[in-house]
Amino acid sequence: MSSPSGPPPPLLPPVGQPMPPASGTGSVASENMASLEFRARLLLLFMLLLVCGSALYVLYARGAFESTRRLVLTAEDSEGVVVGMDMTFAGFPIGRVRRIELAEDGKARILVDVAEKDAHWLRTSSVFTLVKGIVGGPNIRAYTGLLNDPPLPDGAERSVLQGDASAEIPRVISAAKELIDNLNSLTGSSGSVGTSLANLQVLTGRLNGPGGALTVLLGSEAEAKKFSATLDHTNSLLAKLDSMAAKTDTQVFGDKGVLPETRATVVQLNAMLGEARTSLKKVDAILVDAQAITSNAKDATSDLGALRGEVEASLRKVEGLVSEINRKWPFARDAEMKLP
């Protein structure tokens with residue numbers, strides 16, 4: 001069997017010694033390595049520039065390069081306040097907490113940097129609050145009522161009004177417990193509401209009883225029966241009164257009643273009074289004639305006597321009619337007639 005043609009395979013180097021490079025490949029590998037190293041350096045430089053640019057942008061966005069004014073806020077404690085917290089005005093952030101330190105009097109000093117463009121919102125009469133809610137961290141807020149006051153100077157120190165909503169929770173729980181105890185005492189069997197409900201139940205039973213509302217109003221069933229009997233008796237009396245009133249209407253205002261007869265009598269009386277008035281006028285005329293003519297005094301006196309007799313007769317007729325009216329009319333009044 002013949003051996004294959006071609007050059008014999010290269011012998012492997014001893015262990016621990018590097019393989020000798022092939023002819024013509026060493027320079028290409030070194031060039032590729034240098035290119036990769038250059039690209040890696042460019043990538044690292046680009047990453048460094050990107051990180052620095054991001055850091056600068058963040059600092060710019062956070063206002064690190066803006067001109068600011070320093071405001072010092074003093075509070076009893078700075079619990080929940082952290083560096084970087086915003087101070088808001090009307091809901092907009094105008095300042096940022098830069099540092100928190102402890103003063104010599106034991107109070108917390110909160111150093112706030114306010115942007116120069118927003119510093120005009122803060123005046124000497126501004127009020128600052130530190131409100132701690134039940135959920136979330138505290139909030140620093142600024143309130144300015146008079147924008148015409150002088151602006152707040154740089155480095156001004158102001159006190160903070162603090163309010164903690166969670167501190168009211170124990171008091172609210174205590175008040176709620178007291179309210180529940182009061183409700184239990186009211187709704188108990190010996191409480192006011194329980195007693196009122198029991199009385200209401202008794203009242204409902206009486207209303208559904210025989211006497212109904214009368215038993216409730218008068219206090220007992222016997223009194224209710226007495227009241228019902230009184231009502232029945234009153235109704236019977238009213239019925240009798242109605243019948244009597246009907247009879248009275250018939251007797252007084254009927255066709256043959258007192259009122260039509262009285263009306264006719266009054267008509268006759270008016271006629272007689274007219275006759276008496278005419279007679280009196282004649283008397284007056286005769287008296288004038290008697291005074292004017294003395295020669296005919298005897299005739300005038302005789303005429304006057306006759307007229308006087310006629311007047312007296314008329315008056316007697318009137319008196320008779322008045323007596324008849326008094327006899328027929330049940331509600332007569334005493335009448336007096338004076339002669340002239």
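Predicted model, so just to flag it, every value in this text is computed and none were measured.
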message = Test of understanding: clusters of I, L, V, M, F, W, Y form through side-chain heavy atoms closer than 4.5 Å, transitively. Do V82 and V160 belong to the same one?
response = yes
ask   = Got a donor-acceptor contact below 3.5 angstrom from the R69 side chain to the A156 backbone?
value = no
request  = Using modelled atom types only, decide if a donor and an acceptor are shared between the side chain of S35 and the backbone of E31 within a distance under 3.5 Å.
outcome  = no
key: P93 backbone acceptor or donor facing R96 side chain under 3.5 Å   = no
task = Apply side-chain contact (heavy atoms from CB on, under 4.5 Å) to the pair V112 and I110, showing each step before the final yes or no.
result = CA-CA 6 Å; V112 181; I110 304 172; 4.0 Å; yes
task = Evaluate the criterion side-chain contact (heavy atoms from CB on, under 4.5 Å) for residue pair V83 and R98; output intermediate values, then yes/no.
result = CA-CA 5 Å; V83 176; R98 291 302 180 188; 5.6 Å; no
note = Taken to the nearest 0.5 Å, the spacing of L49 CG from M47 CE works out to 10.5 Å
query = Quick one: are L71 and L152 in side-chain contact, heavy atoms under 4.5 Å?
reply = yes
inquiry  = Apply side-chain contact (heavy atoms from CB on, under 4.5 Å) to residues R141 and T129 and explain how you reach the verdict.
reply    = CA-CA 5 Å; R141 297 187 178 94; T129 62; 3.6 Å; yes
key: Side-chain donor-acceptor contact under 3.5 Å, D149 with T124   = no
note = To the nearest 0.5 Å, atom CG of L111 lies from atom CG of L73 at 8.5 Å
Within-4.5 Å side-chain heavy-atom neighbours: V81 and I100 = yes
key: Nearest heavy atoms of S125 and L146, plus distance in Å   = OG-O, 3.9 Å
ask   = Between S126 (side chain) and L122 (backbone), is there a donor-acceptor pair under 3.5 Å?
value = no
ask   = For R109 and A103, which heavy atoms make the closest approach, and how far apart are they?
value = CD-CB, 3.5 Å
Contact summary for W121 and F89, nearest pair of heavy atoms = CE3-CE2, 3.7 Å
Spacing of L56 atom CG and S54 atom OG [to the nearest 0.5 Å] = 9.0 Å
query = Is the backbone N or O of V131 less than 3.5 Å from a side-chain atom of Q162, with the two atoms forming a donor-acceptor pair by type?
reply = no
query = Under a 4.0 Å N-O cut-off, is there an ion pair linking R99 with E101?
reply = yes
message = Restricting to ring pair (Phe, Tyr, Trp, His ring centres under 6.0 Å), what partner residues turn up for F128, sequence neighbours left out?
response = none
message = Just verifying a value: how many Å separate D118 CG and M87 CE, rounded to the nearest 0.5 Å?
response = 9.0 Å
note = Between the CG atom in L43 and the CG atom in L36, the distance rounded to the nearest 0.5 Å is 12.0 Å
query = How long is the gap from OG1 on T88 to CD1 on I94, to the nearest 0.5 Å?
reply = 7.5 Å
message = So for atom CD, which belongs to E157, do other residues, nucleotides or ligands contribute more than 12 heavy atoms lying within a distance under 6.0 Å?
response = yes
query = Of all heavy-atom pairs between A108 and D77, which one has the smallest distance, and what is that distance?
reply = CB-C, 4.1 Å
Main-chain N/O of V114 paired with T68 side-chain donor or acceptor, under 3.5 Å = no
message = I'd like to know if R70 pairs up with D113 as an ion pair, taking the criterion as any Lys NZ or Arg NE/NH1/NH2 lying under 4.0 Å from an Asp or Glu carboxylate oxygen.
response = yes
